[in-house]
Amino acid sequence: MNDNACKSGSGLEKKLAAGGFAVTAELGPPKSADIDAIAKKAACLKGVVDAVNITDNQTAIVRVSSIATAKLALDMGLEPIMQMTCRDRNRLAIQADVLGAYLLGIRNMLCLTGDHQCFGNHADARYVFDLDSLQLVRMVKRMRDDKVFACGQDIRTSKKSEPKEPRMYIGAAANPFGDPFEFRAARLEKKVKAGVDFVQTQCIYDMDRFSRWMEHVRDRGLHRACKILAGVTPLKSAGMARYMRDQVAGIIVPDDYVKRMADAKDPKEEGIRICVEQIERIRQIEGVAGIHVMAIEWEEKVAEIVEKAGLRKNGE
Amino acid sequence: MIVAEQKPMEEIVALVAGHKRVLALGCGGCVTVCLSGGQREVSTLASIVRLGCRMTVEEATLERQCDAEFFDAVREQAERCDAILSLACGVGVQMAARLFPGKPVYPALNTRFMGTNDGAGQWSENCLACGDCSLGVFGAVCPVARCSKSLLNGPCGGSANGMCEVDPERIECAWQLVHDRLKALGRMDVLDAIAEPRDWSKTHSGGPRRLSREDMADLR
Ligand code: SF4
Ligand code: SF4
């Protein structure tokens with residue numbers, strides 16, 4: 001596929017469109033105006049992965065904005081995927097930020113519903129949820145392909161000027177582990193219909209359920225309609241494994257992994273080993289176009305995971 | 001019905017402090033049904049305030065406090081009191097204030113939501129009065145009011161075992177309910193369509209709402 005056939009100027013899109021197996025990671029912005037923290041994480045990921053998700057007030061805790069961090073990451077040599085949730089912004093704010101992000105050189109965007117504010121440090125805040133993630137996908141797609149705002153007006157400076165639309169490579173999340181299970185693939189199909197280009201899944205521990213979900217996905221032909229990046233999160237400790245199993249809604253951790261982590265002499269090493277094994281198994285599954293490594297506050301391990309799993313950037 | 005609950009006693013006491021004669025005014029509507037502002041609650045609250053604040057507390061309960069016509073019954077009583085402590089929902093409190101412009105009116109309840117009675121002492125929210133009812137689409141389960149994020153196109157990632165991520169002990173996931181209902185009705189196809197963004201201008205986002213009906217104006 002040549003450059004012109006791509007919908008955005010995104011490097012991630014180019015790689016996936018050319019049939020490459022993509023690797024993405026996550027960079028969580030800091031909870032203070034600490035540019036060094038961003039630079040440190042960025043340095044760990046530079047040259048290691050194809051693109052990096054910049055989270056948006058993750059878990060409803062105030063952090064440096066995703067748009068600003070994405071721009072900084074871009075300047076530091078990464079390709080950012082700007083995350084945006086429906087929790088904090090209404091359709092005016094989102095469209096303004098998409099325009100702004102595009103001008104700053106950001107070409108990938110991940111459209112999310114967002115964790116409820118009750119999980120964060122401003123539980124008494126008023127939520128927005130003007131749109132849901134699917135409506136957000138569709139709005140950004142229409143901005144790109146139809147050159148119109150959500151209200152239907154053309155995206156141009158004046159009546160006489162040419163439209164100047166923001167062209168984003170549009171992503172969304174998919175959770176194969178949430179309930180109702182049978183509705184999960186249907187929901188992805190809706191996201192595809194809404195115009196999503198790629199999805200990153202919730203972190204996978206329950207491989208059987210993920211495989212079954214991928215079967216549903218293939219039955220519906222969705223792996224051909226959008227690129228599916230499988231999410232993994234290396235476990236750091238048995239405590240983390242238990243926490244993920246018991247406390248995090250929408251994540252299933254099989255007891256086997258919890259046991260392995262508990263029995264391990266070096267749990268961190270075991271966590272990496274499990275993660276690499278998972279990646280190897282995921283790569284066998286038809287229809288998976290890449291891996292999304294969410295090493296939560298453990299960005300320095302991404303290179304090692306990518307290396308051990310044989311996923312060197314550009315090294316197919 | 002409109003579901004309300006009594007404010008903490010300290011708050012009520014602080015509101016009426018300094019007055020000598022207060023009218024505790026109940027309502028025979030929703031708050032009677034949800035056991036927070038009917039005749040019985042008026043009498044209990046009046047006794048406590050009498051004892052705690054050493055003031056005279058008169059009692060009355062109207063058929064409905066959201067309708068001006070029912071206030072005639074207590075006009076005299078209200079005039080001789082120097083404040084009204086209303087046990088109605090926020091609507092009733094404001095009607096009392098409108099009808100007695102010179103008199104302080106205080107709320108004794110926190111108005112919580114519009115909901116159903118789910119068993120002894122249990123209520124849950126069902127409707128946000130969004131002004132554009134979509135129950136016909138969603139199998140008569142309202143995702144606007146009952147999904148914690150008002151999602152219109154299916155569940156978020158936090159739905160687990162039928163419960164909502166916001167409170168997995170107490171809040172059912174609206175989308176599990178929508179899904180189950182439509183499945184039982186054999187209408188899962190309904191969910192294939194993408195629900196458009198809502199027109200929130202029909203909610204309070206469009207400013208306080210008013211309704212005028214020409215047909216009714218003629219009747220008056
Ligand atoms: S769709 Fe609107 S009017 Fe209908 S039940 Fe829900 S909130 Fe109420
Ligand atoms: S868990 Fe269900 S009810 Fe709760 S926010 Fe998600 S979709 Fe809505």
Side-chain angles (χ1 to χ4, degrees), chain A residues 59-60 85-87 90-91 94 112-119 123 127-139 141-142 150-151 172-195 201-203 220 231 246-252, chain B residues 128 130 134 137-139 141 143-184 186-206:
Chain A
T59 58
T85 73
C86 298
R87 179 195 56 230
N90 67 7
R91 57 192 93 170
I94 292 175
L112 300 170
T113 303
D115 296 318
H116 195 271
Q117 70 277 5
C118 71
F119 294 109
Y127 66 51
V128 181
F129 297 120
D130 176 22
L131 305 174
D132 61 30
S133 58
L134 214 124
Q135 293 163 345
L136 173 57
V137 165
R138 181 134 97 170
M139 182 174 81
K141 180 186 158 63
R142 292 186 67 217
C151 63
N175 187 353
F177 309 104
D179 288 321
F181 179 64
E182 33 190 320
F183 190 49
R184 288 290 152 185
R187 183 150 156 82
L188 178 59
E189 183 159 7
K190 274 179 96 163
K191 285 190 177 170
V192 166
K193 264 197 235 162
T201 75
Q202 175 65 282
C203 51
R220 291 168 185 259
D246 303 333
Q247 306 292 327
V248 184
I251 293 187
I252 300 173
Chain B
L128 281 180
C130 74
S134 319
V137 180
F138 298 114
V141 176
V144 181
R146 297 176 71 182
C147 165
S148 301
K149 301 173 188 170
S150 296
L151 304 179
L152 297 180
N153 283 292
C156 75
S159 173
N161 306 315
M163 303 305 278
C164 170
E165 64 170 21
V166 169
D167 186 347
E169 303 290 315
R170 296 171 61 213
I171 305 175
E172 289 176 294
C173 170
W175 273 98
Q176 180 76 52
L177 299 172
V178 171
H179 170 270
D180 294 351
R181 274 277 297 173
L182 289 174
K183 198 163 176 199
R187 287 307 312 274
M188 285 292 282
D189 58 295
V190 169
L191 296 181
D192 293 343
I194 295 175
E196 290 290 333
R198 283 192 79 85
D199 175 0
W200 294 109
S201 73
K202 294 198 173 84
T203 71
H204 185 264
S205 288

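Note: hydrogens, waters and symmetry copies are ignored here, and every other heavy atom, side chains too, is used. In this text the structure is predicted, and so the values were computed from the model without any measurement. Per chain, numbering begins at 1; letters A, B, ... match sequence-line order.
For chain B, the nearby parts of A:Ala194 are the backbone and the side chain; heavy atoms of each come within less than 4.5 Å. In this structure, chain B has heavy atoms under 4.5 Å from both the backbone and the side chain of A:Asp132. Only the side chain of B:Ser150 comes within contact range of chain A, with at least one heavy atom under 4.5 Å from a heavy atom of that chain. Proximity to chain B is absent for every atom of A:Phe177, based on heavy atoms less than 4.5 angstrom apart. Contact annotation for A:Arg87: neither backbone nor side-chain heavy atoms come within less than 4.5 Å of a heavy atom of chain B. Of the atoms belonging to B:Asp180, not a single heavy atom falls under 4.5 Å from chain A.
Closest approach of B:Trp200 to A:Phe129, counting heavy atoms only: CZ2-O, 3.9 Å.
Side-chain atoms of B:Lys149 do not come within 3.5 Å of backbone N or O of A:Tyr127 as any donor-acceptor pair.
Put simply, of B:Ser148, B:Gly158, B:Pro155, the one with the most heavy-atom pairs under 4.5 Å next to chain A is B:Pro155. In terms of non-hydrogen atom pairs under 4.5 Å with chain A, the most contact-rich of B:Pro168, B:Gly157, B:Pro197 is B:Pro197. If you tally non-hydrogen atom pairs under 4.5 Å between each of A:Leu134, A:Thr113, A:Leu131 and chain B, the highest count goes to A:Leu134.
Between B:Leu151 atom CG and A:Gln135 atom CD the span is 8.5 Å, to the nearest 0.5 Å. Of the inter-residue distances, the one linking B:Ile194 atom CD1 with A:Glu189 atom CD reads 10.0 Å to the nearest 0.5 angstrom. For the atom pair NE2 of A:His116 and SG of B:Cys164, the computed distance is 7.0 Å after rounding to the nearest 0.5 Å.
The neighbour count for A:Lys193 NZ, taken as heavy atoms of other residues, nucleotides or ligands under 6.0 Å away, is above 12. Heavy-atom neighbours of B:Asp192 CG from other residues, nucleotides or ligands within 6.0 Å: above the threshold of 12.
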What verdict does the side chain to side chain contact (heavy atoms under 4.5 Å, CB included) test give for B:Asn153 and A:Arg187, after you've listed the backbone C-alpha separation in whole Å, the side-chain angles of each residue and the deciding distance to 0.1 Å?
CA-CA 8 Å; B:Asn153 283 292; A:Arg187 183 150 156 82; 4.1 Å; yes
